[in-house]
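The structure appears right after this line, and notes come after that.
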Amino acid sequence: MNNQRRTVLKSGSGAALLGILASAGIITPGMALAEWNKAAFDAKSMADTLKALGAGTPTESKDVQVTGPDIAENGAVVPVGVTSTLPNVTMMAILIEKNPNALAASFTLPEGTEANVQTRVKMGQTSNVYALVKSGDKFFMATKEIKVTLGGCGG
Amino acid sequence: MRLNLTCRLVGAALLALATGHALAQDAKVADELAKYREALADGNPADLLEVRGEGLWQEKRGPKNASLEQCDFGLGPGKLEGAYAQLPRYFKDTGRVMDVESRLVHCMMTLQGFTFEQATKNWYSKPGTESDIEALVTFIGAKSNGVKINVPATHPEEAKMAKMGEYIFYRRSGPQDFSCAICHGQDGKRIRLQELGNLTTQAGAGEAMKTWPSYRVSQGTVWTMQRRLIDCMRQARWPEPKYLSDSVIALETFLQKTASGTVMATPGIKR
Amino acid sequence: MAANPMKIRASNKDGVTEVKVLISHEMETGQRKDASGAIVPAWFITELTAKHNDRVVLGAEFGTAVSKNPYLAFRFKGGAKGDKVTVSWKDNKGETRTDEAAIA
Amino acid sequence: MKLKFALFGALTATIASAALAQSSEPPGGKYAKEAEQMFRNSFREDNPKYWMRRLDQDETMKLCSQYRDNPPRKIGARIEQMNRESIRYPVDGKLIGDWKEGEKLAAVGTGGHIGFIQPDPAGRVRGGNCYACHQLAKAEVAYGTIGPSLQHFGKLRGNSEEIVKYTYDKIYNSNAFTACTNMPRFGLHNWLTPEQITHIVAFLVDPESPVNKD
């Protein structure tokens with residue numbers, strides 16, 4: 001465990017060098033696959049967000065899952081993921097109903113990348129969290145409630 | 001009489017059912033909480049600070065354009081392996097009991113030529129303002145990973161500091177009548193969902209001390225032990241003691257002495 | 001403030017490469033107030049791209065709800081020990097950073 | 001029977017003397033005085049006086065610290081007497097307020113923070129933070145265990161005048177009943193107003209409150 005950590009950190013220092021190369025313009029950052037979807041990230045409600053993503057009314061599916069624990073000890077960091085067993089998944093997104101803007105993150109999956117992505121999000125309060133998946137040209141969705149709990153000392 | 005008995009039996013059964021349900025709910029909460037903590041542990045952002053700390057350790061900085069690599073934390077100049085685990089300790093050259101942070105600041109002043117104000121200006125980070133001390137302490141702390149905490153406090157000055165730390169630990173005051181002991185003087189308690197170590201026992205103090213410095217997800221940064229203890233006092237609704245003040249070092253000495261023998265596992269990650 | 005390096009872990013098992021990325025970034029929501037009561041402007045990563053050698057294996061778009069010091073984990077088919085995994089991000093201020101790691 | 005009694009007595013005596021030996025010395029030992037001075041000198045000069053006053057100890061605090069919150073019976077009795085005398089009641093004499101207000105106060109843990117690093121913004125609500133230490137309504141799963149569970153408080157005890165008064169008094173000044181308890185003296189310190197305390201009393205005893213209903 002200890003050793004493994006060290007190795008990782010060593011390779012991290014190597015990465016620092018690459019960062020310098022990047023900032024010097026020797027290596028250019030990879031091009032994004034699409035322009036950042038401002039309309040979708042600015043949308044407030046679930047419905048408006050889905051519309052901006054072109055997802056219309058997604059079908060609820062058992063083949064889509066919101067992964068991660070049901071309880072967050074702190075809303076600043078909530079581990080959430082999306083997985084799906086549907087074929088030809090090209091896009092996935094995480095939506096949090098009660099956040100000021102529902103859309104937290106979206107992912108574009110080229111062929112060969114598994115429909116299984118995890119990240120960490122902020123949640124202002126206990127809320128339903130939605131996983132949106134595009135399979136072929138259809139959209140599917142799953143949901144679960146994640147409870148955000150308070151700490152004891154009063155912040 | 002018979003009716004009474006039946007009633008009681010039914011009552012007991014109902015109570016058992018209710019308790020059973022409550023227990024099941026508590027067990028589920030505990031389960032999900034464990035999953036939450038596990039998910040955070042795999043990918044601790046403290047590692048980002050550790051890398052930055054390593055860079056700062058080696059970088060020539062300050063008016064004297066020197067690195068910190070000759071800093072002596074008690075095991076000899078530049079010897080970092082296990083250094084954190086044996087602090088605080090008495091240093092002959094300053095005639096004081098010092099913790100990792102006061103010693104680090106001492107080195108930034110003596111080796112690199114920074115003033116105290118320059119060295120401690122950003123002793124903790126704010127959003128948008130990084131703290132070199134947080135990064136350096138994360139790096140130095142990790143060099144004691146796997147090492148046993150060893151603060152026997154045998155030097156008379158260390159023994160005195162530990163005793164004074166004990167005094168502060170039990171000292172009640174403020175609008176909530178708090179002392180450290182209120183929350184951290186018993187086994188098996190929790191505040192909301194957070195387990196509270198009994199810091200008067202080796203097991204409890206060890207469990208608490210071994211993971212610091214630790215990434216606080218609520219704060220989005222690593223907290224050093226100074227920050228941790230100063231914030232405990234803030235949470236007790238007291239004024240904040242000064243950074244590196246003897247009160248904080250005394251508490252650290254008391255806690256590290258109690259925790260001695262516990263294997264360090266830092267940086268940790270907490271709510 | 002110059003961006004700090006990412007921490008990228010990539011490991012291959014049974015023909016599938018798992019990538020875990022930690023990024024140093026403030027991810028300021030644009031809704032928080034500072035001590036003087038003024039709104040702190042939003043500052044967050046908007047786009048991220050991950051490549052295996054020269055092939056894109058993941059594109060991501062973030063909003064302000066992604067946590068400070070973002071974490072990302074995903075899996076793709078293929079990849080061999082020693083291959084390069086490169087991750088690049090761009091934030092709403094136009095700052096970018098690229099780091100790489102070898103698959104273990 | 002007699003033997004049992006004798007054994008029990010001997011056992012308690014042993015436990016008591018062991019506990020006594022362990023904690024007979026006040027914290028800090030011979031350095032206690034110096035430690036107090038050091039502690040007082042650890043704060044910034046520019047701290048406002050009313051902040052620094054929060055470090056002052058009344059007699060209860062001093063005695064509890066000295067005895068590690070486990071005072072001998074006689075001193076404990078004195079502390080309890082002293083604190084009983086401090087209890088004040090709302091002007092209208094009504095001890096049961098609005099349980100819905102009490103429910104909010106029980107959950108709020110903010111307020112009262114001072115200092116230069118993370119003080120509370122002006123006007124931040126100050127609550128009772130009951131859930132930090134107690135289980136109350138069933139729906140709230142994030143409860144602490146420093147204090148006993150208070151779920152079904154009223155259901156189990158009823159809401160007789162006696163119970164209501166006890167509940168009010170306990171919240172106002174916990175040390176009136178148990179010397180050196182972990183529970184803050186909410187009324188004594190004006191942390192909660194008498195009216196706010198009546199709301200929390202209602203949250204605990206009202207049959208309609210989620211503490212008792214669920």
Side-chain angles (χ1 to χ4, degrees), chain A residues 1-20 23 65-83 94 104-105 116-129 131 144-155, chain B residues 28-55 58 138-139 142-147 176 178 183 189-196 215-221 231-237 263-267 269-271:
Chain A
M1 161 82 197
N2 213 357
N3 267 335
Q4 199 186 344
R5 266 177 47 78
R6 292 250 164 77
T7 326
V8 165
L9 289 173
K10 277 223 180 81
S11 70
S13 330
L17 176 72
L18 195 85
I20 295 164
S23 61
Q65 243 198 316
V66 183
T67 61
D70 297 350
I71 288 185
E73 217 175 348
N74 192 281
V77 179
V78 184
V80 180
V82 184
T83 62
I94 298 167
N116 179 356
V117 177
Q118 268 114 49
T119 185
R120 295 170 181 169
V121 298
K122 298 169 204 159
M123 288 176 64
Q125 56 183 311
T126 298
S127 170
N128 281 328
V129 174
K144 85 163 174 181
E145 187 189 63
I146 298 182
K147 239 188 226 315
V148 174
T149 61
L150 293 175
C153 300
Chain B
K28 170 113 173 58
V29 169
D31 242 35
E32 292 298 321
L33 210 58
K35 264 168 67 184
Y36 176 84
R37 290 171 184 167
E38 211 175 295
L40 292 192
D42 186 27
N44 184 349
D47 294 351
L48 298 166
L49 273 92
E50 191 180 334
V51 173
R52 202 168 78 79
E54 183 172 18
Q58 296 158 350
T138 308
F139 165 67
K143 289 280 184 191
S144 283
N145 210 353
V147 177
Q176 297 260 278
F178 284 152
C183 289
K189 302 288 181 186
R190 57 174 216 225
I191 183 163
R192 287 275 189 171
L193 290 174
Q194 287 75 48
E195 290 82 7
L196 297 159
Y215 188 82
R216 298 287 316 277
V217 304
S218 54
Q219 315 292 325
T221 192
D231 194 70
C232 284
M233 305 213 194
R234 184 186 71 90
Q235 293 285 26
R237 272 67 174 182
V263 176
M264 296 270 296
T266 176
I269 183 164
K270 294 171 197 294
R271 78 169 291 283

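Here is the naming used below: chain letters follow the sequence lines, and residue numbers restart at 1 for every chain.
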Task: Nearest heavy atoms of A:Ala76 and B:Ser218, plus distance in Å - done: CB-CA, 4.4 Å
Task: Shortest non-hydrogen separation from A:Leu150 to B:Arg271 and the atoms involved - done: C-NH2, 4.3 Å
TODO: Could you check if a side-chain atom of B:Leu40 sits within less than 4.5 angstrom of a side-chain atom of A:Arg120, using non-hydrogen atoms only?
DONE: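 Contact flag for B:Leu40/A:Arg120 side chains = yes.
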- [ ] Would you check if B:Lys28 and A:Asp70 make a side-chain contact, meaning some heavy-atom pair closer than 4.5 Å?
- [x]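 They are in side-chain contact.
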Open item on the list: Nearest 0.5 Å, please: how far is CD in A:Glu73 from NZ in B:Lys270?
Closed with: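 It comes to 9.5 Å.
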Open item on the list: I need the residue from B:Glu38, B:Gln194, B:Gln219 with the largest number of non-hydrogen atom pairs under 4.5 Å to chain A.
Closed with: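 Between B:Glu38, B:Gln194, B:Gln219, the count favours B:Gln194.
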- [ ] Below 4.5 Å from any heavy atom of chain A, which atoms of B:Arg37 appear? Answer side chain, backbone, both or neither.
- [x]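 Side chain only.
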